[in-house]
Amino acid sequence: MADDLTFSTIAQLADRLAARDISARELTQATIDHTSAVENKVKAFNSLNPEDALAQADASDARRAVGQALGPLDGVPISLKDVIAVKDQPLTAGSKMLENYVSPYDATVASKLKQDGAVLWGRTNLDEFAMGSSTENSAFATTRNPYDLERVPGGSSGGSAAALAAGQSIATLGSDTGGSIRQPAAFCNVVGLKPTYGLVSRFGLAAFASSLDQIGPFARTVEDAAIMLGAIAGHDPRDSTSYKTDIPGYRAALAEKKGPWKLGIPKEYFGDGLDPEVGAAIETAIAFYRDQGCEVREVSLPHTEHCLSVYYIIATAEASSNLARYDGVRYTHRSADAKDVLDVYYKSREEGFGPEVKRRVILGTYVLSSGYYDAYYLRAQKVRTLIRQDFLNAYESVDAILTPTSPTPAFKAGEKADPLSMYLSDIYTIGVNLAGLPGISVPAGFSSAGLPIGLQLIGQPYQEADLLAIAHAYDSAHDWSAQRPSL
Amino acid sequence: MNYEAVIGLEVHVQVKTASKIFTRVGQGYGHAENTLTDPVVLALPGALPVMNKAALDAVIKAGLMLHCDIAEVCKWDRKNYFYPDSPKNYQISQYDQPICNGGYVEIELPASSRNVMGEHKQIPLTRIHLEEDVGKLNHGAHDSLVDYNRAGTPLMEIVSEPAIQSGEEAYAYLTALRTMMVYAGISDCDMEKGQMRCDANISIRPVGQTELGTKVELKNLNSISYVRDGIQHEIKRQIAVVQKGGTIVQETRDFDGIAGTSQSLRSKEEAHDYRYFPDPDLMPVRVDDTWKQRLADECPERPFDKQRRFMADYNLPYTATSVLVPDLALSDYFEAAVAASDKGQAKQVANWVINDLLRELGAAGQDLADTRVTPAHIAEIVKLVDAGAINSNIAREVFAETFASGESPAAVVNRKGLGGETNADELEQWCRDAIAGNDKAREQFIGGKESAINAFKGPVMKASRGKANPKLVDETLRRLLAEG
């Protein structure tokens with residue numbers, strides 16, 4: 001059955017492709033066909049490239065036929081969030097501003113996946129310029145949660161999470177600035193990994209907040225996430241913030257690293273606003289780790305209450321500057337009414353940006369203004385250092401930190417009209433970005449309404465091998481991620 | 001009331017690197033529009049800057065040449081403003097942690113006469129920082145087109161303290177700065193190509209007042225002479241305003257170097273809030289002692305230091321040093337020739353280089369790099385003349401041959417049989433014949449008319465076919481005339 005193929009893991013497909021049990025063309029064709037069947041409900045993609053994808057699949061089959069297959073990703077369809085540049089493909093960032101823009105170059109992650117033989121399939125929907133937690137801020141469509149089409153898939157990488165959950169791709173890439181991989185992963189019952197800041201090159205990622213953005217994978221299992229991370233991680237001379245470190249065999253580490261581990265439960269993450277069913281799922285996961293011989297102890301991250309304010313100062317400040325290049329002069333939308341250069345700026349940006357982007361650009365411009373810089377931006381940077389120090393202090397006594405990914409399961413589209421209530425849905429994920437740490441969301445069960453719940457594990461800087469092993473211990477002992485939505 | 005001017009200069013110097021400051025695409029002048037671009041230059045979505053180390057090296061070198069403190073750590077800031085020549089709508093620059101602090105530019109003021117060294121002065125610097133250049137707007141009748149070739153060219157901003165007092169000082173400052181940058185290979189500083197650009201902040205105050213007056217910024221000064229003229233014009237304008245009871249308005253003015261007039265561009269009310277903040281795409285840079293030392297070792301001797309050394313060590317006149325020193329290649333050539341010559345011949349070497357080599361180069365329309373005359377050739381010709389093997393007239397003939405063919409002077413002399421045959425007996429006979437042939441001149445000379453001796457020299461030189469050493473001829477004639 002085609003569905004079995006498109007809901008398979010990379011690990012399973014790699015074996016079947018290697019055994020010549022299936023071809024890359026069959027797998028890609030099945031993915032295209034299944035997408036055609038469900039896309040009108042899910043709306044995960046901004047653009048599709050079926051002919052190009054099949055050509056890539058044929059090239060993969062040709063390699064394999066002469067014994068030159070490139071590894072576990074060769075011939076596997078992988079979808080990239082529509083904010084990561086792929087040569088000759090559209091790159092909209094979910095914005096009217098870039099509606100007609102085609103990238104002339106590959107992001108480093110895209111060229112790495114191509115080098116590994118992956119079939120780059122479609123461009124997944126997102127909140128405009130990755131600003132949002134529901135994918136409702138896309139200029140093109142609101143992606144739906146495959147587990148409940150009334151609900152959002154989370155955001156901003158909602159398209160990447162939903163496409164994977166709906167069997168429209170085998171693995172996907174997203175970007176995570178404040179939780180944009182982990183929260184949609186939790187909402188859509190998939191694994192989502194935000195790597196340590198600097199582990200994966202940002203070259204080719206249309207920037208939202210440069211000091212927080214990080215590309216990472218969505219996958220069906222932690223093992224698949226490990227395969228994906230191995231493919232995209234590594235120092236890139238084109239990204240000055242990319243870190244020179246050895247990339248271990250993440251997949252091999254899953255079997256090698258057995259624990260038991262010391263896990264920290266931050267008391268600040270279990271207060272008001274946490275949905276009881278989410279809380280119960282997390283308690284069950286904690287009990288699992290205890291049963292495995294892990295020591296679970298309470299830790300404190302005392303500056304947690306400041307995370308949201310610090311985040312919305314730093315992220316918006318950087319965004320206000322990063323988005324200045326979308327000005328109507330060169331490759332963006334340009335207002336047809338523009339009569340002079342100021343018109344080009346004002347009207348093109350008025351027409352090209354949606355309300356959430358405008359809100360953040362205005363906020364960021366304000367916090368950087370003369371006379372306010374010290375009070376907002378500079379102070380936020382100082383508090384950010386304290387937030388990071390909180391985590392590093394905790395890691396003196398624990399190997400990883402365990403929290404819910406999101407305080408609630410997926411909410412309904414249109415439910416959070418107030419921006420602040422939307423911002424609060426990232427309350428458990430934002431600190432990880434501010435501290436530059438790796439974090440992973442792993443499927444941890446369902447609510448009584450059948451909505452997925454995510455477990456977040458937060459690791460130490462550049463210790464993704466340990467983090468993945470800890471997550472794998474839970475993931476491989478449960479079959480949550482094998483569940484499929486009924487579409 | 002007497003007024004004095006207080007002037008500070010902001011000089012932008014393009015750094016001569018192979019590629020742009022944040023990407024590998026090449027930089028240069030005169031290429032077809034928008035050909036020196038790539039995703040980084042055009043600020044396409046996802047493009048990121050990476051610092052060009054050669055640009056950093058150059059600005060550190062500039063700092064070392066100009067006696068600055070090199071910061072142990074410097075960082076990069078975004079200067080946010082919208083303008084179509086700026087692809088990102090922010091410029092990556094350095095705000096509060098520039099790479100070079102303090103330092104000074106040694107200048108030489110004009111003296112009463114060209115052959116006298118003028119007064120030297122140190123103009124203190126505030127800072128030097130590194131930033132990226134912007135593109136260029138080409139305005140048409142109905143639209144404006146942007147050319148991003150220049151965008152991302154590494155650009156140094158050298159900011160002086162308000163310590164310059166006149167247009168002449170500004171002229172001397174820019175001349176010294178340019179020589180220094182060209183010397184160190186940092187920039188060609190061609191103002192016509194925009195490789196060096198200067199804005200001047202000018203104010204006046206009553207002599208004796210310490211408080212600064214309201215400053216006016218003068219822009220578009222695209223030659224060193226225009227800087228001098230523009231400043232002089234602005235000082236006069238400000239004094240005239242104040243003397244008529246008016247007040248100086250803080251503004252930016254445009255100076256038209258051809259017309260010699262200026263007009264207001266904008267007043268300070270439109271000042272920008274640049275919303276500087278540290279660029280999160282670039283890491284701060286730590287400059288350690290090893291790095292600094294390596295660049296210090298690469299720095300050439302400063303021009304004024306060299307000039308003092310040439311005067312002291314080679315006993316050269318000021319005028320000779322002011323020809324040799326400003327051109328690094330020429331002064332290197334000169335020193336190579338001195339090294340190949342005998343002790344005490346430096347002055348003659350300088351004369352050959354300045355008078356003969358430069359004249360021939362000029363006549364042939366060649367550069368020093370083109371010439372076939374080696375420093376060793378210059379040394380050889382000086383030795384031949386000094387030894388009396390050839391006289392100076394023959395030497396010029398020999399030099400012309402060497403210049404044309406690259407054949408060594410000694411080889412030319414041998415091949416053409418130009419040297420070595422003026423033996424003393426022959427010379428004495430020619431001198432006796434000359435004296436015997438002109439009684440009138442002999443009597444005049446004995447009677448005390450010194451210049452009458454010249455009348456004998458022509459026939460002697462003619463008899464020797466030009467080869468006789470004029471010094472020996474003179475000595476021989478005097479001896480014979482004294483003998484009676």
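Because the structure is predicted, anything quoted here is derived from the model rather than measured. Here is the naming used below: chain letters follow the sequence lines, and residue numbers restart at 1 for every chain.
Y105(A) has its ring centre less than 6.0 Å from the ring centre of F203(A). Ring centers of Y372(A) and Y366(A): under 6.0 Å apart, within the cut-off.
With a 4.5 Å cut-off on non-hydrogen atoms, L91(A) touches chain B through its side chain but not through its backbone. When heavy atoms are compared at a cutoff of 4.5 Å, N322(A) approaches chain B by way of both its backbone and its side chain. Both the backbone and the side chain of F82(B) come within contact range of chain A, each with at least one heavy atom under 4.5 Å from a heavy atom of that chain. Contact of D281(B) with chain A is made through backbone and side chain together, with heavy-atom distances under 4.5 Å. Looking at S320(A), neither its backbone nor its side chain comes within 4.5 Å of chain B, counting heavy atoms on both sides. Residue A93(A): no heavy atom, backbone or side chain, is found under 4.5 Å from chain B. Proximity to chain A (any heavy atom under 4.5 Å) is shown, for Y274(B), by neither the backbone nor the side chain.
Each of D38(B), L48(B), V40(B) has some count of heavy-atom pairs under 4.5 Å with chain A, and the biggest count is that of L48(B). If you tally non-hydrogen atom pairs under 4.5 Å between each of N80(B), L282(B), L44(B) and chain A, the highest count goes to L44(B). Between chain A and the residues P280(B), S86(B), P45(B), P84(B), the largest count of heavy-atom pairs under 4.5 Å involves P45(B). Ranking M51(B), R78(B), M283(B) against chain A, the residue ahead of the rest is R78(B), based on heavy-atom pairs under 4.5 Å. Between chain B and the residues D239(A), V367(A), L342(A), L98(A), the largest count of heavy-atom pairs under 4.5 Å involves D239(A). Interface check for chain B: of the options G371(A), S369(A), P104(A), the most heavy-atom pairs under 4.5 Å are formed by S369(A).
Heavy atoms from other residues, nucleotides or ligands lying under 6.0 Å from CZ of R379(A) number 12 at most. For R24(B), the CZ atom sits in a loose shell: 12 or fewer heavy atoms of surrounding residues, nucleotides or ligands are nearer than 6.0 Å. Other residues, nucleotides and ligands contribute only 12 or fewer heavy atoms inside 6.0 Å of the CD atom of E72(B). Surrounding OH of Y83(B) are at most 12 heavy atoms belonging to other residues, nucleotides or ligands under 6.0 Å away.
Put simply, the side chain of S203(B) never gets that close to the backbone of K215(B): no donor and acceptor are under 3.5 Å apart. Judged by distance alone, the side chain of N49(A) and the main-chain N or O of L120(A) form a donor-acceptor pair under 3.5 Å. In this structure, the side chain of E33(B) does not engage the main chain of D147(B) through any donor-acceptor pair within 3.5 Å.
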